[in-house]
Number of protein chains: 2
Amino acid sequence: MIMDDRKKRILQAIIDDYIDKAEPIGSRTIARKYELGLSSATIRNEMADLEEMGYLAQPHTSAGRVPSDKGYRLYVDKLMPQRSLNSDEIRELKSAVNTRVYELSQLLKQATAVLSNFTKYTTMAVTPRMRSSTIKTVQVVPVDPGKALVVVVNNAGIVRNALIKVSEHATSEMLGRISNLLNDRLSGLTFEQADTERIRILGREAGVSVDILQPILDGTADCIHQMEDHEMYVEGSTNILNHPEFKDMDKAKQFLSLLDEKTSICRAVYDSARPNGISVRIGSENDLSSIRDCSLVTVSYNVADTMVGTIGIIGPTRMEYGKVISSIRYMKRLVSEEIDRLLGNEPESM
Amino acid sequence: MIMDDRKKRILQAIIDDYIDKAEPIGSRTIARKYELGLSSATIRNEMADLEEMGYLAQPHTSAGRVPSDKGYRLYVDKLMPQRSLNSDEIRELKSAVNTRVYELSQLLKQATAVLSNFTKYTTMAVTPRMRSSTIKTVQVVPVDPGKALVVVVNNAGIVRNALIKVSEHATSEMLGRISNLLNDRLSGLTFEQADTERIRILGREAGVSVDILQPILDGTADCIHQMEDHEMYVEGSTNILNHPEFKDMDKAKQFLSLLDEKTSICRAVYDSARPNGISVRIGSENDLSSIRDCSLVTVSYNVADTMVGTIGIIGPTRMEYGKVISSIRYMKRLVSEEIDRLLGNEPESM
DNA sequence: TGTTAGCACTCTAAGTTGACGAGTGCTAAT
DNA sequence: ATTAGCACTCGTCAACTTAGAGTGCTAACA
């Protein structure tokens, strides 16, 4: 059987309607509402064909049709009415991210909140993988007699610190010397290169008593570890409850529990992301079995070229793909611009 | 009508049973299950009295009785079987917090997760109010030509930083001088004392060109602001879905939305906390109308004597008060000890 | 040959009914 | 003061009915 143009138009009408109404669509509805110049009987025949071809499914014998994952896939790839944001929507997205932020994590929190609010789906952002980032500065700052702060900055401008105890004998001058040494030796290295073992070996060369050096090295290693494990921000997790496909308590619970337990959804978002551009995973296309009746739209953003983070929107397969895709695309741009500003690659400062 | 001993025993039995079963309790159940030496008819009469006195309520004419908020109040204050944690439970709570943490926020996240997991209710922790904390160290660390990091540490060992741009002409030596100046002048001051205006005035005395000084002052002010707005950690928000009183979707949605929108629940947790000891707010005792059918148990912990943060557990009014109260009490102790360790008031280091 | 009207059939959702059981309040006996 | 007994109330549940939406098929039509 061939997928002719008329079938496509009918399929599009059905999916458009279903996305809006969330109820199985019958042939009469399509005949009445869409100006296809066809009677319900003809559409009925076409729908039977579309079902046979796997684009539609029937919940039960005497119900209307519902799009299948395959149907959505065709819809997203070919049929979907291309929409772009109008100026009001652009303003809405832009204004919320506009509040000056000083940190990547704040930026991502905001972006997530805005997107979730705009799309009414659950939105997530994961911080970039830092494995390939390099150390820019390591500093030891005296805080109190016997206490100091180790501060590590990487090339993405991410800062981590660790409060440590040092011997009371450590003078500010000694700390400064160690600080300079660490800075000299570690600056420019990737995290892998500067792994714990290496830091340890470096320590021996320093020629400072071990009870001063040790906590500093530990603190440095700790900062690096902190940077490596990425964080995830989730907003609008309860949005899902507004969609009828989750009116069943168990489904809703399952979904919410998944979000609570961040590791697996975090991995799903990562894995879904494509190097450049937008990824749409529909229903069974998802590896994670617990979101087999959801669609996950992701986009990746870059920090300082090498580090890649991801933003994702998750909702029922019956999702407003047009809106979601256009807004996540635009948000990628906003976030990228803002990151550039944060990292100081833009002329204007603050 | 007088609240004699027998009435109390019956009320206790009813509430014990209701907390367990979540269903209206009838007179026969009490007569059968509890060895009160009374027939169901007698208990029936007593129950009618207890209802008239406001300790019980009847969902509808021919149903059993359900505790009212007033009933729970008496139960918590006088009737409740006092329980303390057994050694297994203590071990469970302790072990999870035992993982070495380096930061207050991590500690709170863990404590929240453990309590939520242990009690099966939603658990929250809010970071301390920092208004009254004092500045310990202010440091400016050069990062790149034209970029620097302002680091502020307060007396609770909380660290905040801000990445700033400075004039390219700023030498490392100049930054150091400013750093020392800020450190000298601001160290020991409370945040109020070191407010933005003050920092600004201080700046003028410094005698450094304004395009170097300005961003540093801004960064410092930003760090202070960051410390002032507290964070909140929520765990086990979906636990509520396991309780039958939230089987109604709308109720569940309302509760979860409340948690999403953190400000009001954060305030509720703060307001509920009592200077020392545990606060239990039952149902209508809560100011926040959207949790009028929940109970909120809170405890406050101290950081460096002056700063007060709060941990809270929220669940249906039909809550296992004994378990919740004993575990939150113990958690307060664990958290306090760990904070002391973090702040270095204990001999052993890491 | 493609399209359409008509019709019998299927299936679900929603409403109705009646039996059942849990629980109460009252009364009279102990 | 306590209790047994009983009539009464009310909610739950399952069985049944009905209405409506939608289909597939067939036959007529352009």
Side-chain angles (χ1 to χ4, degrees), chain A residues 1-11 13-15 17-18 20-68 71 244-245 247-248, chain B residues 1-11 13-15 17-18 20-53 55-68 71 244-245 247-249:
Chain A
M1 201 167 318
I2 193 164
M3 186 68 182
D4 60 11
D5 210 56
R6 193 172 75 179
K7 281 198 176 50
K8 284 186 187 167
R9 277 208 307 280
I10 292 174
L11 182 59
I14 293 171
I15 300 188
D17 217 63
Y18 185 69
D20 188 38
K21 295 291 184 341
E23 272 162 20
I25 312 294
S27 52
R28 261 196 72 195
T29 315
I30 298 298
R32 224 185 313 121
K33 268 175 69 176
Y34 298 82
E35 320 250 310
L36 297 172
L38 296 169
S39 79
S40 68
T42 309
I43 291 174
R44 210 141 55 225
N45 289 330
E46 295 286 42
M47 281 167 91
D49 290 352
L50 285 167
E51 179 172 1
E52 200 183 326
M53 295 163 81
Y55 294 104
L56 294 177
Q58 210 171 6
H60 55 85
T61 324
S62 73
R65 300 306 207 291
V66 157
S68 69
E245 29 273 271
K247 73 171 197 302
D248 174 33
Chain B
M1 203 169 314
I2 192 163
M3 186 68 182
D4 61 11
D5 211 55
R6 192 173 75 178
K7 281 196 175 54
K8 284 186 186 167
R9 277 208 306 280
I10 292 174
L11 182 58
I14 293 171
I15 299 188
D17 217 64
Y18 185 68
D20 188 36
K21 295 291 185 339
E23 271 162 20
I25 312 295
S27 52
R28 260 196 74 195
T29 315
I30 298 299
R32 222 186 314 121
K33 267 175 68 176
Y34 298 82
E35 319 252 308
L36 298 173
L38 296 169
S39 78
S40 68
T42 311
I43 291 173
R44 210 141 54 228
N45 289 330
E46 294 286 40
M47 281 167 92
D49 290 352
L50 285 168
E51 179 171 1
E52 200 183 327
M53 294 163 82
Y55 293 105
L56 293 177
Q58 210 172 6
H60 53 83
T61 324
S62 74
R65 301 306 208 291
V66 157
S68 67
E245 29 273 272
K247 73 170 198 301
D248 174 33
M249 203 61 173

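Numbered from 1 within each chain, the chains take letters A, B, ... in sequence-line order.
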Distance-only donor-acceptor pairs under 3.5 Å for side chains of residues 60-68 of chain B, two or more places apart:
from  : atom 1 : to    : atom 2 : distance (Å)
B:R65 : NE     : B:E51 : OE1    : 2.7
B:R65 : NH2    : B:E51 : OE1    : 2.9
B:S68 : OG     : B:G54 : O      : 2.6
B:S68 : OG     : B:Y55 : O      : 3.2
B:S68 : OG     : B:K70 : N      : 3.3
B:S68 : OG     : B:G71 : N      : 3.1

Show me the donor-acceptor pairs within less than 3.5 Å that the side chains of residues 22-37 of chain B make with the rest of the protein, sequence neighbours left out.
from  : atom 1 : to    : atom 2 : distance (Å)
B:S27 : OG     : B:R44 : NH1    : 3.2
B:K33 : NZ     : B:D17 : OD1    : 2.7
B:Y34 : OH     : B:D17 : OD1    : 2.8

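The interatomic distance linking B:I43 (CD1) with D:dT2 (C1') rounds to 12 Å, in whole Å. Note: CD (A:E46) to P (C:dT4) measures 11 Å, nearest angstrom. Between A:E23 atom CD and C:dT12 atom C1' there is a gap of 12 Å when expressed in whole angstrom units. Taking atom CG on A:D4 and atom P on C:dT1, their separation rounds to 17 Å, with Å as the unit.
Closest to the A:T42 side chain, of the nucleotides D:dT2, C:dT4, D:dA4, is C:dT4. Which of C:dT3, D:dG11, C:dT4 sits closest to the side chain of A:R6 comes down to C:dT3.
Rounded to the nearest 0.5 Å, atoms CD (A:E46) and CG (A:D49) are 5.5 Å apart. The NZ atom of A:K8 sits 11.5 Å away from atom CG of A:L50, with the distance rounded to the nearest 0.5 Å. Of the inter-residue distances, the one linking A:D5 atom CG with A:I10 atom CD1 reads 10.5 Å to the nearest 0.5 angstrom. Rounded to the nearest 0.5 Å, atoms NZ (A:K7) and CD1 (A:I14) are 11.5 Å apart.
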**OP:** Starting at the 5' end of nucleotides 23-30 of chain C, put B wherever the base has a protein heavy atom under 4.0 Å, S where only the sugar-phosphate does, and a dash everywhere else.
**Re:** SBB-----
